Amino acid sequence: MSSYAGADTTAGASNPSGANNLSATEIDAHQRAVSYTCGDCDQDVQLRRGEPIRCRNCGHRVLYKKRTNRMVQFEAR
Amino acid sequence: MAPSKTDQQWSVDFENARKHHLFSNPPKDRTAYPELLELVEPHIASFNAIFKDGGQLEEAIKDIGEKSFSDRHGNRLSLRIEKIFYDKSMLPPTNKVVLKPENRKVLPAEARERHSTYRGKMSARLNFKVNNGDWQSLDRDLGYVPIMLRSSRCHLESSTPAQLVNYKEESEEFGGYFIVNGIEKIIRMLQVQRRNYPMSIRRMAFKNRGPGYSEFAVLVRSVRPDQSSQTNALHYLNDGNVNFRFSWRKAEYLVPTMMILNALVETNDREVFQAIVGTAQSEGLGQRQFVIDRVELLLRAYKVYGLHSRAMTRAYLGSKFRSVLQLDELTSDEDAGTYFLRKIVLPHLGADNDKYRMLLFMIRKLYSLVEGESCEDNPDTLQHQEALLGGQLYGMIIKEKLEEWLNSLRYPLNEWGRKQDWKPFTSQQFQTDFVPKILARAQGEDLGKAMSYFLSTGNLVSPTGLDLQQTAGFCVVAEKLNFFRFISHFRMIHRGAFFAQLKTTTVRKLTGHSWGYLCPSHTPDGAPCGLLSHLAHKCKIATQSVDVSAVPKLVAGLGVSDQVSALLENSMVVQLDGRVLGYCSKKQSKVISDTLRYWKVEGGHGVPVEMEIGYVPHSNGGQYPGVYLFSQPSRFFRPVKYLPLDQLDYVGPFEQPYMSIAVTDPEIVSGDSTHVEYDARAMLSVVANQTPFSDQNQSPRNMYQCQMGKQTMGTPGTNLNYRTDNKSYRIQTGQSPIVRSSSYGSYGLDNFPQGANAVVAVISYTGYDMDDAMIINKSALERSFGYGSIYKTKVCDLEEGKAGRGKKNIQKLFGFSPIGTVTAAMREKLDEDGLPRVGTMLQNGDYIAAWHTVSYDNATGEFDNKDGNTQFFKYKDDELAFVEEVRVIGSETGTDPLQKISIKLRIPRTPVIGDKFSSRHGQKGVLSQKWPATDLPFSESGLQPDVIINPHAFPSRMTIGMFVESMAGKSGALSGQAVDGSPWQFDEKNTAIDHFGEQLRKQGYNYHGNEPMYSGITGQELSADIYIGVVYYQRLRHMVNDKYQVRTTGPINSLTGQPIKGRKKGGGIRVGEMERDALLAHGTAYLLQDRLFNCSDYTKTTLCRGCGSFLSTTPTISEFTRKKRGALTVRCRRCAKLADNAAPKSEVWSDGQGIRYHGGDNIAVVAVPGVLKYLDVELASMNVRLRYNVDR
């Protein structure tokens, strides 16, 4: 856990708190495409940062985020 | 399956297999629940009526007619609207990326998901000409106007259930509402005065109109073919004169009635006299002295105007009203007068002669009222009311906005003239400038914006007021909390916001007139009681005029004459939609109405069955008699059986009071009853119908159930995944009730279950069921009895409130700053795109989206972040939630990067102590204990109750229906059959108790529904047999988790130091005067001190004992003792004296400025309320000093 957990904003690249930072590939995450599902034709849509939001196939304007691949585990009460 | 059509008949049985099949295979031909669609018919049909051929809008354009403007050279510019075009909802032309036409449709589901408006483009073809030139035409864009779902402009209009499911809708989506900014809005129906029927009114307020005015008037709400209305009133003056009153653009005007009569047709005094009093040869003229005197005065009083012909009178009227009517200078006075008559005087009638005859009838009715020959009409009964439908109001607003748009051209025209040195309209300059410099600058061209505003706020912005009594509250959100609530919005009808303020309760009274039209038990208790009603479930509302063109001829054939007789009984009027067809005798009128009735039911005579034949018989001082025929829209009507032909007839609220309609077959009286009800349950609303055995309950309990049914956590719909309601409730384990009413199946209520069948024991078991508390079996709860969730949608919008679109205007982007550092903590709930992970758990303060500022780089075409800062949207609620869906929302053009996301959160709500439950009989209670199953009482068969309620819930409330339901449910559960719980199945001879008791006995149970039970703790048999059965239980949406409010310390008001209020902000609950008094009376002084002082604005302050003031005490610096151990010493400045050399050095102190003092040390520390100090300061600022006497 970072000591920055409560902070609203993080400082820029000059921030030296490197210990908790993610690996180089993950810092580059914004370059990587994230895949969504089209709300109309149900196809996969790969989107990068700043790209227009629409389905490449049908031009639909609502995309759904997919369920996370991470393990989702909660304490049962 | 064979290609037979989808079955539309439903019984009370469960029919599980059939319903299951319908769910997995939505029908491809037609809906299985046609009755559901009929419920919203008035909304959709009234909307369709606006835009159909010859519909409301075309009539409106006709009524608006030509608008003309003149320049300073006598040239005239004329404008008119030729046609209005209204497209379906499509992507705008700016979207160039979607090519397939079928993909360019914007479906309602998209509007919901994108939080946008479901709307279509509207445009107008405008014609204009200068002087007598040719009409030139051009098309103008009027913006995007919201579309009603499933109307003729909607993509879903005639979709089958299978298609609807494909369109992400409910399989039984019935439309009737609008989607504005993603919120479903509905225009409420309004009860208004019945159209085209002159009503006698006696109101003391009329006297205030001026000297001479009496309390008598005849009022008619005259409705034009375009459904807009104009109220005309005739006021009786104490001397016998009659004045005509109307209001135009919110101002009131009065005109002598005789002037209007003379302007309408070429007439003379003799004609008018005979038309009011009666022809000279008619019998009983001698008894009419009262009227004769007044008519004489009426005629004489008019002489002072000296107007002698029709043309002259019109010119006179025209000269007076020309500017009021916004006519240009080139119109002649006479034409202006004609325009006045067309627009204002009885505009429901086209012909001047009809208007003339109607006005004369109104004068007769007025004199009759004054004379006491007939009584006043009650405007608060449904007899004199009709429904103003959503579509009609919508069309009226469109009409008004169009007219205003044309009128507003006056200003840009004037502006242009001023700039162009008043060049004539005939000049070349005008031709070139008209479109870009004049039309383009007209106000109010964006009709779409105006209509969206109307729907989203419900406010009517109107220069005329549309002849309505209110300007706000026309639209409500169609909340989809559960299905009852949703459907009720469409059946809801409001009396008007104006009546809510009235101190008298007459408007709220339930009268017999509304039998069969308005539900007697489905109205809220409290402030809107009786003002907000719901339609009975079989009540229909006419949405179009029926063809009555043959009726005048038929009536003439039955013998009516133009001549009026002196006596009322010899001159009964026959009217069709406010047009006088003629007069006849008392006997004839009965024959006419009976004959028309027979023909109308029989059919084939040109008398449509939907026409209303209001026969008001002649009486001694009763309602003014006559035969009034109504064929126009907005009327309530309902089906009943006509006995002479044994066929369907429709009756309306105007005729109903004078008809003999038997409720049941045995009630039919030979020679008297003409009709019989098909089903008495038709008088109840959809929701009231679902209360089982409601006939056995005390009536207020049925009202409570109607309210609570609408607050139940239920199943809002089956397309939950595609809905984005701000908040929606859902019960996870809904069941079909074992006891249901006969209409349950045909309304498809099993698609939206709202509760569960529970085994209920009526027993006082532990004391935890006192005072409407209930105990629930803990094991039942663990088996998910009543388990529900709340779905909340949070919208994160980066360009909130900004209009600018396009790449250059984008200043923020979702995601982490590309040049900033991303810590693991930031990524805990967020994905690499800066959006939350679907499925993740959120707690207060968690990040739900990341964003950073950007600027568009023209060279590279990329968005650059300069500061490296990442900012976050946070989850601010206190409750734990799970991310259910994340919607990534693009722009309409399909070219913009991500600016808006919508996150749906799920909040689990397992029942906790304090949550509210209720049966379907107005018996609500809160969960007080989750009792372990092992300790609950059990029956001989080992059965344990799910719910325990206290027997004291029954004696005063008398909800016998709940007992019956309990037995019926038990018997149904044992046999596996659904039980018909409709009201009015049983009577005194054939009782419900006996019916279900016998069934229970046959099933091996006690006839009375009681069973011996054993204590769960000791195992001993309880000394009394326990009434135990199966009752359907609803979980209400009021949950302690949304309500609990505690605090010891927390946020305070910075000015007073007292705790702030509001649960959301962590504030406190006020201990007010009455609470204080109670605590005082109990002698709980310490508690009082704690609440009012210690936990509030407890403040320690210093006070000077000498002068008794807070203010002059001040922290000081001692000259010699450095840094005393304690805090700074405080001295009173006021009591201190300037230190001279004589002062002892150790007692001298100085203030911040180094001025030396001594003395003023008689200081006390006291605890006072913070506001007291504040008050002291406030008073000091006004030169008022408070002095506190301190003894110790």
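Because the structure is predicted, anything quoted here is derived from the model rather than measured. Proteins get letters first, then strands, A, B, ... in listed order; numbering begins at 1 in each.
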Q: Would you sort out whether A/V45 and B/V888 count as a side chain to side chain contact (heavy atoms under 4.5 Å, CB included), showing the intermediate values?
A: CA-CA 11 Å; A/V45 184; B/V888 173; over 6 Å; no
List, one per line, each side-chain donor-acceptor pair under 3.5 Å for residues 50-60 of chain A, sequence neighbours excluded.
| from | atom 1 | to | atom 2 | distance (Å) |
| --- | --- | --- | --- | --- |
| A/E51 | OE1 | A/R48 | N | 2.8 |
| A/R54 | NH1 | B/G894 | O | 2.4 |
| A/R56 | NH1 | A/R54 | O | 3.1 |

Q | Gap between atom CD of B/E885 and atom NZ of A/K66 - 0.5 Å precision | A | 15.5 Å
Q. In Å, rounded to the nearest 0.5 Å, how long is the span from CG of A/L63 to CD1 of B/I901?
A. 12.5 Å
Q: Grab the two heavy atoms, one from B/G839 and one from A/R67, that are nearest each other, plus how far apart they are.
A: CA-NH1, 3.5 Å
Q) chain A heavy atoms under 4.5 Å from B/L91: which part of the residue, side chain, backbone, both or neither? A) side chain
Q) So do A/Y36 and B/D833 actually touch side chain to side chain, heavy atoms under 4.5 Å? A) yes
Q. So which part of B/K105 gets closer than 4.5 Å to some heavy atom of chain A, the side chain, the backbone, both or neither?
A. backbone
Q) Which region of A/V72, side chain (C-beta onward) or backbone (N, CA, C, O), has a non-hydrogen atom less than 4.5 Å from a non-hydrogen atom of chain B, or is it both or neither? A) side chain
Q | Proximal component of B/V883, with respect to chain A [non-hydrogen, under 4.5 Å] | A | neither
**Q.** From CG (B/L898) to CG (A/L47), nearest 0.5 Å
**A.** 8.5 Å
Q) Any ion pair linking B/D831 and A/K65 (charged N to carboxylate O, less than 4.0 Å)? A) yes
Q. Can you tell which of B/R837, B/R104, B/K100 has the highest number of heavy-atom pairs within less than 4.5 Å of chain A?
A. B/R837
Q.
Tell me the closest heavy-atom pair linking B/R887 and A/V62, and the distance in Å.
A. CG-CG1, 3.6 Å
**Q.** Candidates B/V98, B/D896, B/I889, B/T893 - the one meeting side-chain contact (heavy atoms from CB on, under 4.5 Å) with A/R61
**A.** B/V98
Q.
Rounded to the nearest 0.5 Å, what separates atom OG1 in A/T68 from atom CG in B/L830?
A. 11.0 Å
Q) Above 12 or not: heavy atoms from other molecules or residues under 6.0 Å from NZ of B/K88? A) yes
**Q.** Distance in Å, B/T840 OG1 paired with A/F74 CZ, rounded so as to fall on 0.5 Å steps
**A.** 6.0 Å
**Q.** B/F863 side, atom CZ; A/R49 side, atom CZ - distance, nearest 0.5 Å
**A.** 8.5 Å
